[in-house]
Amino acid sequence: MIGNIVAAITDGGEAATDFESIATFTSSGSTRQIDFTSIPGTYQHLQIRAVFNNPTAARNVAMTLNTSVTSTRWHYLFGDGSTVTAGESTQNLLTVQDGFSTTNMYAMVVDILDYANTNKNKTVRTLLGYDNNGNGIVQFSSNLYATTSAITAIRLAIADYDWVNGSRFALYGIKG
Amino acid sequence: MPKTYEPIATTTLTSAQNDITFTSINGTFTDILVVAFLKLSNNANSSVGFQVNSDTGSNYSVTRLQGDGTTPESGRSSNVASGNFSGNSLRVADSAGNFSPILFNMMNYANTTTNKTFLARGNNASAGVGASVSLWRSTAAITSLRIFPVVGTIDTGTIVTLYGIKAA
């Protein structure tokens with residue numbers, strides 16, 4: 001994927017079209033759910049780049065595809081600064097949280113590979129990190145969404161409370 | 001108008017250096033992705049740290065997750081004078097011909113509302129793999145980045161490129 005991105009940048013000096021920004025949501029502090037809709041099928045992969053937090057309590061992020069498809073298997077490996085934990089779950093969760101803050105943000109990169117393919121179930125990989133100078137977490141994870149439908153919508157949500165003002169979720173398309 | 005994914009600067013070392021510094025980073029992008037293929041001087045046995053905006057104070061902290069081929073480990077450093085660039089505290093490649101690939105994300109680097117979070121992934125086939133998150137406790141926009149080994153020097157052939165990523 002990195003090789004494709006580098007190739008696009010050096011391609012004739014034209015405006016890069018192989019890694020494109022599709023949409024961005026920025027929270028003003030009154031949002032706990034964001035929806036990317038009408039995602040075109042013209043890319044090879046999708047990437048979400050996000051910074052976020054919750055001002056009130058740590059809340060795990062859930063991701064739902066095409067309004068109704070939830071993750072049926074979630075495998076994670078995370079470290080909290082002292083302990084390494086590996087686990088799996090059938091819950092529809094994307095992240096493990098460890099703390100909350102109004103000034104220090106979680107950073108997350110989510111890759112949805114081959115999202116428009118109608119022959120394959122969808123696999124999502126996530127890298128997450130949060131440091132609050134005394135607590136924090138680093139997480140690798142993967143999710144299975146058992147649908148062969150092309151992904152046209154993505155919902156990211158937390159169960160309660162709203163994302164802190166300035167939380168930002170940006171969706172990018174990557175061409176193959 | 002910046003492109004969505006645009007190379008900003010590249011440094012390729014033709015001689016060993018104590019550090020690599022990028023200055024005058026403009027704030028027109030959303031995130032910065034640093035892609036490095038990095039080697040330290042022979043047998044340096046060191047990880048690589050970073051500082052931003054010439055801040056050498058104890059304003060950084062790090063949480064890491066790594067494995068050395070035998071043992072998984074998670075550690076933390078609080079109130080320290082640098083963040084972690086190489087994605088773990090293990091030794092970066094320091095033998096002839098071997099380089100470590102490193103991806104280093106500076107998220108929302110130009111915002112002036114929140115402190116800054118950095119995500120790094122690093123690999124050395126001879127030492128291990130890992131990821132780290134660093135916090136810089138400042139709301140200032142980031143305009144410079146200094147990368148340096150804890151021990152030793154950065155070796156010839158190291159290439160480090162900054163890419164700007166622009167959200168819609």
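Just so we're on the same page: letters track the sequence lines, and every chain starts at 1. Note that the coordinates shown come from a computational prediction; the quantities given were computed from them, not determined experimentally.
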**Prompt:** Are the side chain of B/Arg76 and the backbone N or O of A/Asp80 linked by a donor-acceptor pair below 3.5 Å?
**Reply:** yes
**Asked** When heavy-atom pairs shorter than 4.5 Å are enumerated against chain A, which of B/Thr161, B/Thr139, B/Leu119 gives the highest number?
**Response** B/Leu119
**Prompt:** Does B/Arg137 come within less than 4.0 Å of A/Asp131, counting only side-chain N to carboxylate O?
**Reply:** no
**Request:** Measure from the side-chain N and O atoms of A/Asn133 to the backbone N and O of B/Asn79, and report whether any donor-acceptor pair falls under 3.5 Å.
**Result:** yes
**Prompt:** Would you find a donor on one side and an acceptor on the other, under 3.5 Å apart, between the side chain of A/Thr24 and the backbone of B/Ala168?
**Reply:** yes
**Prompt:** Can you name the nearest heavy-atom pair linking B/Leu65 to A/Val138, along with the distance?
**Reply:** CD2-O, 3.8 Å
**Prompt:** Minimum heavy-atom separation for A/Arg49 to B/Asn105, with atom names?
**Reply:** NH2-OD1, 2.6 Å
**Asked** Donor-acceptor pair, B/Thr117 side chain versus A/Met105 backbone, under 3.5 Å?
**Response** yes
**Item:** Winner by heavy-atom pair count (cut-off under 4.5 Å) against chain B, out of A/Val51, A/Leu128, A/Ile22
**Value:** A/Val51
**Message:** Below 4.5 Å, heavy-atom pairs only: which of B/Gly75, B/Gly130, B/Gly67 has the largest tally toward chain A?
**Reply:** B/Gly75
**Complete:** Looking only at B/Ser132, B/Ser61, B/Ala120, B/Ala131, most heavy-atom pairs under 4.5 Å shared with chain A are made by B/Ser61
**Complete:** Comparing B/Thr113, B/Val80, B/Asp31 against chain A, the one with the most heavy-atom pairs below 4.5 Å turns out to be B/Asp31
**Fill in**
All heavy atoms of B/Arg121 vs all of A/Phe140, minimum pair found to be NE-CE2, 3.6 Å
**Request:** Could you pull out the closest heavy-atom pair between A/Ala170 and B/Ala167, with the gap in Å?
**Result:** CB-CB, 3.8 Å
**Flag side-chain contact, heavy atom, 4.5 Å: A/Arg168 against B/Thr30** = yes
